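In the text below, chain A, chain B and the rest are named by the order of the sequence lines, each starting its count at 1. Because the structure is a prediction, the values reported are computed rather than measured.
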Amino acid sequence: MKNRELAQLLHEMSILLEVEGKDRFKPRAYARAARAVSSLGEDIESIAARGELTDIPGVGKSIAKKIEEYLRTGRIEKLEALREKIPVKVAELEAIPGVGPKTIKTLYESLGVTDLDSLEAAIREGRLKGLRGIGTKTIEQISEGIALVRAGMSRVLLSDALALAESLVEHIRSQVPVKRIDIAGSVRRRKETIGDIDILVCADDGEAVAGALMNSPETADVLVHGDTKTSVRLRGGTQVDLRLLAEESYGAGLQYFTGSKDHNVHLRSIAMRKGLRLNEYGLFDKDRMVAGREEQDIYSTLGLQFIPPELREDRGEIEAAQKNELPILISPNDIKGDLHVHTNQSDGANTLEEMVTAAEVLGHEYLCISDHSKSLTIAGGLDEGGLLRQMDRIDELNASGRWRVRILKGIEVDILPSGELDLDDSVLSQLDVVVASVHSHLKDDRATMTERVVTALGNRHVDILGHPTGRMLLRRPRIEIDLERVFEAARENQVIMELNSHPVRLDLNDANLRLAKEMGLLIAINTDSHRTQELENLRFGVAQARRGWLTAEDVINTRSVDDLLRMMS
DNA sequence: GCCGTTTTCGGCCCGACTGTTTTCAGTCG
């Protein structure tokens with residue numbers, strides 16, 4: 001996938017153009033194109049091959065040409081020229097909170113600052129003093145910002161952000177009476193990683209609410225404190241924005257601060273076309289508010305279905321809502337069982353019995369035990385003999401009547417570098433569910449890895465491809481693989497794609513899921529649990545599935561155990 | 001540079017907060 005790199009290049013162009021300062025709107029056009037490219041569900045190369053680059057919103061003739069140039073040569077001449085003219089390390093400087101294009105321009109033109117080191121030197125030598133628009137406060141803020149960037153202040157996992165946000169909401173509730181309080185922003189949209197946390201409140205004593213946040217045990221610093229907005233930094237480095245909203249504007253604020261930015265811009269353009277004005281205080285006809293108290297009123301007044309937060313990325317959800325064609329998204333209650341969990345027979349922490357008991361408490365109808373296979377020695381993978389003994393044990397437990405949960409026999413079998421599976425077909429054929437996964441030789445090149453996985457999918461015993469891209473959020477990138485090729489092979493062989501619910505994996509991602517669905521594939525939402533508590537991670541998998549536009553129909557483990565086994569046989 | 005149920009030209013989201021300004025510019029979301 002070259003999408004990410006291309007998006008970065010387009011973004012860099014937008015900043016450099018802004019520093020150049022010739023045109024006020026060209027930088028915005030490049031920024032928009034960069035965002036559009038980064039949220040594509042498909043390889044940019046495939047779109048280019050079909051000649052459909054200008055179908056991407058924000059990409060016109062000129063940017064399409066530059067994309068083609070990049071795909072052909074790996075470079076964009078115009079960007080190279082800009083870099084030559086303005087040799088600034090945009091990504092480094094832009095990461096400093098409070099530093100944007102204009103500041104970068106000033107620092108570069110007046111002081112020759114091009115990166116963190118030269119900026120730090122300029123501060124040390126006192127050369128920032130006296131620059132127009134930069135006073136002692138700003139210098140201090142930049143100094144602290146440099147330290148934050150150096151410390152690698154980064155995004156956090158959705159699971160961590162959600163836990164923090166929920167505990168802050170509880171803290172505020174316990175301190176101050178509130179009429180309404182909600183988590184908004186990317187946490188509400190359930191993005192896989194989170195930059196900062198947004199909390200919205202309607203309360204009689206707004207100052208007390210802000211105080212509760214500023215004094216919370218998690219709070220390290222107060223960044224901003226005004227009448228309607230307070231921002232703090234938590235001990236872990238995560239920023240929290242608290243906004244106080246009036247009751248009659250609460251829905252409009254919730255809509256506005258949930259985002260995404262692109263969704264809101266698009267929504268506002270629809271309002272404009274209807275002669276209305278939309279902002280965080282409401283939807284207005286001249287000065288008269290026509291919606292604002294409830295979020296759904298904003299959408300209905302604009303002639304739209306209510307759009308679930310997980311879809312609000314301006315990836316077609318607004319057009320679908322206009323036509324009344326939004327999918328009925330899967331919900332946690334639709335899930336009837338988990339098809340990928342480990343026990344202490346391989347690298348899990350709990351016994352088979354403990355895992356089944358925990359699944360029963362969650363109300364699962366079935367649980368498939370799928371420990372690792374023998375080549376994954378570090379995880380204590382099972383060989384054929386060990387697996388057969390586990391299967392006998394499962395038969396005994398199912399027969400014992402101790403649980404309502406039906407235990408299914410499975411394995412997470414390694415896909416070897418050759419594309420062969422790690423266990424003999426004669427044993428695999430006796431299992432209910434075979435999950436096949438790549439755990440080794442993760443650095444195979446794209447062609448090799450694609451061939452390897454496609455070969456594995458050709459084994460008739462494989463039911464599910466486990467964590468198909470192998471990525472670990474904030475830790476390691478996805479494997480190099482042609483997903484479309486893999487999806488085609490999966491369709492031919494009737495293999496199901498896993499949506500691994502572990503908060504670090506969430507693999508497939510939202511865009512991949514949508515592509516898989518469009519290509520007619522079924523998805524299994526599994527937890528890959530290694531301990532009983534992780535069975536509850538289904539919550540994150542379902543959220544990701546919703547971001548991928550999936551309905552209950554698209555997901556195999558919304559089926560009863562009989563239907564499930566029939567579909568996988 | 002992009003885009004169009006007002007437009008192929010003339011617009012381009014908008015408000016809060018901060019700092020450095022004596023009336024506003026820059027950043028952020």
Side-chain angles (χ1 to χ4, degrees), chain A residues 10 13-15 17-36 53-67 78 93-107 128-142 145 184-189 194-200 210 222-231 239-245 249 252-253 255-284 303 312 314 319 322:
Chain A
L10 293 173
M13 278 195 75
S14 84
I15 303 292
L17 284 167
E18 199 155 345
V19 173
E20 191 185 31
K22 277 190 188 162
D23 184 329
R24 252 157 43 79
F25 294 103
K26 209 189 281 195
R28 284 194 214 173
Y30 276 91
R32 173 157 188 234
R35 286 197 305 272
L53 285 175
T54 52
D55 288 355
I56 301 169
V59 175
K61 263 172 141 176
S62 170
I63 294 183
K65 264 194 174 167
K66 293 184 176 68
I67 294 176
K78 178 94 182 285
L93 295 180
E94 199 191 16
I96 302 168
V99 172
K102 292 291 190 329
T103 309
I104 292 176
K105 182 180 170 77
T106 305
L107 292 171
L128 263 59
K129 284 185 195 123
L131 281 185
R132 184 172 176 74
I134 295 180
T136 52
K137 280 266 197 174
T138 304
I139 295 172
E140 192 179 315
Q141 187 189 339
I142 290 176
S186 52
V187 178
R188 182 164 181 241
R189 301 201 312 280
I194 304 295
D196 55 30
I197 294 171
D198 294 278
I199 296 175
L200 309 182
V222 176
L223 305 173
V224 168
H225 176 48
D227 288 341
T228 65
K229 176 182 171 178
T230 299
S231 297
Q239 183 173 328
V240 181
D241 295 338
L242 174 82
R243 296 172 201 270
L244 301 169
L245 303 178
S249 295
Q255 194 290 314
Y256 182 88
F257 291 113
T258 295
S260 67
K261 178 189 174 78
D262 289 332
H263 176 89
N264 287 353
V265 168
H266 192 162
L267 217 56
R268 208 167 274 124
S269 76
I270 288 178
M272 266 162 50
R273 244 173 279 151
K274 290 180 180 291
L276 305 173
R277 191 165 48 86
L278 177 62
N279 58 30
E280 64 256 53
Y281 300 111
L283 185 58
F284 297 90
R312 300 183 194 172
D314 196 24
E319 291 84 348
Q322 282 175 317

Using the [atom1] atom on both, measure [N] against [M] and round to a whole Å.
{"N": "B/dG1", "M": "B/dT7", "atom1": "P", "value": "25 Å"}
{"N": "B/dT20", "M": "B/dA25", "atom1": "C1'", "value": "10 Å"}
{"N": "B/dC13", "M": "B/dG4", "atom1": "P", "value": "14 Å"}
{"N": "B/dG15", "M": "B/dG10", "atom1": "P", "value": "26 Å"}
{"N": "B/dC12", "M": "B/dC17", "atom1": "C1'", "value": "24 Å"}
{"N": "B/dC3", "M": "B/dT8", "atom1": "C1'", "value": "10 Å"}
{"N": "B/dT6", "M": "B/dC2", "atom1": "P", "value": "23 Å"}

### Task
Classify every nucleotide of nucleotides 15-20 of chain B by which part a protein heavy atom approaches to under 4.0 Å, writing B for the base, S for the sugar-phosphate alone and - for neither, in 5'-to-3' order.
SSSSSS
Separation of [N] [atom2] from [X] [atom1] (nearest whole Å):
{"X": "A/R273", "N": "B/dC3", "atom1": "CZ", "atom2": "P", "value": "13 Å"}
{"X": "A/Q239", "N": "B/dC28", "atom1": "CD", "atom2": "C1'", "value": "9 Å"}
{"X": "A/L267", "N": "B/dC14", "atom1": "CG", "atom2": "P", "value": "13 Å"}
{"X": "A/M272", "N": "B/dT7", "atom1": "CE", "atom2": "P", "value": "14 Å"}
{"X": "A/R24", "N": "B/dC14", "atom1": "CZ", "atom2": "C1'", "value": "14 Å"}
{"X": "A/D55", "N": "B/dC2", "atom1": "CG", "atom2": "C1'", "value": "14 Å"}
{"X": "A/I270", "N": "B/dG4", "atom1": "CD1", "atom2": "C1'", "value": "14 Å"}
{"X": "A/I142", "N": "B/dC28", "atom1": "CD1", "atom2": "P", "value": "11 Å"}

### Message
Pairing check on B/dC2: which nucleotide meets the Watson-Crick or G-U wobble criteria with it, both distances under 3.5 Å?
### Response
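Across any shown strand, B/dC2 pairs with B/dG11.
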### Task
Tell me, please, which residues at least two apart from A/R188 pass side chain to side chain donor-acceptor pair (under 3.5 Å).
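Testing A/R188 for side chain to side chain donor-acceptor pair (under 3.5 Å), a comparison that skips the adjacent residues, returns A/T258, A/E295.
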### Query
Is there a donor in the side chain of A/K102 and an acceptor in the side chain of A/T106, or the other way round, less than 3.5 Å apart?
no
### Query
Hey, does A/D196 reach any base, or is it just sugar-phosphate, or nothing, if we go heavy atoms under 4.0 Å?
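Result for A/D196 = sugar-phosphate.
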### Message
Mind checking if A/P101 touches a base, just sugar-phosphate, or nothing, with heavy atoms under 4.0 Å?
### Response
sugar-phosphate
Let's see if you can work this out: which of [options] has an atom nearest to the side-chain heavy atoms of [X]?
{"X": "A/D198", "options": "B/dC2, B/dG29, B/dT27", "result": "B/dG29"}
{"X": "A/R268", "options": "B/dC13, B/dG1, B/dG26", "result": "B/dC13"}
{"X": "A/T103", "options": "B/dG26, B/dG1, B/dC13", "result": "B/dG26"}

### Query
Which residue, A/K102 or A/I63, contacts DNA chain B at a nucleotide closer to its 5' end, judged by nearest heavy atom?
A/I63
Would you indicate whether the side-chain heavy atoms of [Y] and [X] approach each other to under 4.5 Å?
{"X": "A/K66", "Y": "A/Y30", "answer": "yes"}
{"X": "A/M13", "Y": "A/K26", "answer": "no"}
{"X": "A/V265", "Y": "A/D314", "answer": "no"}
{"X": "A/R32", "Y": "A/P57", "answer": "yes"}

### Query
Using a cut-off of less than 4.0 Å, is there contact between a side-chain N or O of A/S269 and OP1 or OP2 of B/dC13?
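No, A/S269 has no side-chain N/O under 4.0 Å of OP1/OP2 on B/dC13.
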### Task
Could you point out which residue of A/I199, A/L200, A/T228 forms a side-chain contact (heavy atoms from CB on, under 4.5 Å) with A/R243?
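Only one option passes, and that is A/L200.
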### Query
Atom CD in A/E140, atom CG in A/L128: separation rounded to 0.5 Å?
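One finds 13.0 Å between CD of A/E140 and CG of A/L128.
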### Task
Apply side-chain contact (heavy atoms from CB on, under 4.5 Å) to A/D227 and list each qualifying residue two or more places apart in sequence or on a separate chain.
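Partners of A/D227 under the side-chain contact (heavy atoms from CB on, under 4.5 Å) test: none.
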### Task
Would you check if A/F25 stacks with the base of B/dC12, given a 5.5 Å centroid limit and a 30° plane limit, both strict?
yes
